[in-house]
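Everything numeric in this text was worked out from a predicted model, so none of it was measured.
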Amino acid sequence: MAGTAPIPAEELRAVLGPVLPWLAGEAEQPPRAVVGAAVKTTARWLAQQVPGRSVELRVPPHVAVQCVPGPRHTRGTPPNVVETDAATWLRLATGQLTWEDAVAEGKVSASGNRADLSDNLPLRPLR
């Protein structure tokens, strides 16, 4: 994330505000741009806090970031990939869903020996 200004915790919380009622099942899904902003900001915050290139976190169609220290890949599909949908990612980021439950329920695809993000979720400012 070189050249990108750090994301303040206040911005992280602010971008999540509009999606929290939806995640709790209390409101309809917000517009795609609102969900996308929350997904991108939380994923990029994680990448800033756990920098590296050994794991690729994918939340299609919104964002893909690399994070977690360790060996980096240079070509093709990375050996450590985490992929999930927007709602699942946001529930993980905010602590509404545990990593273990998400994996057990098939809501997260995690391949590779470094593709366990449980130590980093929920995101620190949201704990």
Side-chain angles (χ1 to χ4, degrees):
M1 303 267 337
T4 302
I7 299 166
E10 300 77 32
E11 181 180 336
L12 183 67
R13 289 186 198 97
V15 78
L16 285 166
V19 301
L20 292 176
W22 167 57
L23 296 174
E26 300 165 355
E28 295 295 316
Q29 181 173 339
R32 178 181 168 135
V34 172
V35 173
V39 169
K40 289 174 189 171
T41 303
T42 53
R44 291 176 179 157
W45 194 92
L46 175 69
Q48 287 179 351
Q49 300 304 308
V50 190
R53 295 190 176 269
S54 70
V55 175
E56 185 165 290
L57 168 64
R58 299 174 181 168
V59 186
H62 303 289
V63 72
V65 296
Q66 293 185 350
C67 54
V68 182
R72 77 181 269 195
H73 77 288
T74 55
R75 301 183 70 173
T77 301
N80 301 287
V81 175
V82 173
E83 188 164 339
T84 191
D85 62 276
T88 299
W89 166 248
L90 292 170
R91 287 184 180 109
L92 286 165
T94 58
Q96 296 178 26
L97 178 65
T98 67
W99 177 261
E100 294 77 16
D101 288 346
V103 171
E105 294 169 14
K107 294 181 177 183
V108 169
S109 168
S111 63
N113 62 352
R114 294 180 181 270
D116 180 344
L117 299 178
S118 60
D119 288 346
N120 304 298
L121 297 170
L123 300 180
R124 260 186 314 220
L126 307 176
R127 290 182 184 172

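Side-chain atoms of Trp89 and Val63, non-hydrogen and from C-beta on, never get closer than 4.5 Å to each other.
In this structure, Cys67 and Leu46 approach most closely via the heavy-atom pair SG-CD2, 4.2 Å. For Ala115 against Val82, the heavy-atom pair with the smallest separation is O-CG2, 3.6 Å. Shown here for Leu23 and Ala87, the closest heavy-atom pair between the two residues is CD2-O, 3.8 Å. Shortest non-hydrogen contact noted between Arg114 and Pro69 is NH1-O, 3.3 Å. Looking at every heavy atom in both residues, Ala93 comes nearest to Pro122 through O-CB, 3.3 Å.
At least one donor-acceptor pair under 3.5 Å links the side chain of Thr42 to the backbone N or O of Val39. With Arg91 contributing its side chain and Leu97 its backbone, the two residues share no donor-acceptor pair below 3.5 Å.
We find the CG-OG1 distance between Leu92 and Thr98 to be 8.0 Å, quoted to the nearest 0.5 Å. For the atom pair CD of Glu83 and CD of Glu56, the computed distance is 9.0 Å after rounding to the nearest 0.5 Å. Rounding to the nearest 0.5 Å places CD of Gln96 at 6.5 Å from CG of Leu20. In this structure, Trp99 CH2 and Asp116 CG are separated by 6.0 Å, a value rounded to the nearest 0.5 Å. Expressed to the nearest 0.5 Å, how far CG of Asn120 lies from CG of Leu57 amounts to 11.0 Å. Distance CG/Asp101 to NZ/Lys107: 8.5 Å, rounded to 0.5 Å.
The side-chain contact (heavy atoms from CB on, under 4.5 Å) test with Leu90 singles out one residue from Thr84, Val19, Val59, and that residue is Val19.
In this structure, Trp22 has no side chain to side chain donor-acceptor pair (under 3.5 Å) partners at least two apart in sequence or on a different chain. For Asp85, the side chain to side chain donor-acceptor pair (under 3.5 Å) partners at least two apart in sequence or on another chain are Thr88.
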Can you list the steps and then say if Val55 with Gln66 is a side-chain contact (heavy atoms from CB on, under 4.5 Å)? CA-CA 6 Å; Val55 175; Gln66 293 185 350; over 6 Å; no

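Hydrophobic clustering keeps Val108 apart from Val81 (ILVMFWY residues linked when any side-chain heavy atoms are closer than 4.5 Å, directly or through intermediates).
Residue Glu105 qualifies as enclosed at atom CD: its count of foreign heavy atoms under 6.0 Å is above 12.
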Donor-acceptor contacts under 3.5 Å from residues 5-16 side chains, at least two apart:
unit_1: Arg13; atom_1: NE; unit_2: Pro125; atom_2: O; d: 3.4
unit_1: Arg13; atom_1: NH2; unit_2: Pro125; atom_2: O; d: 3.4

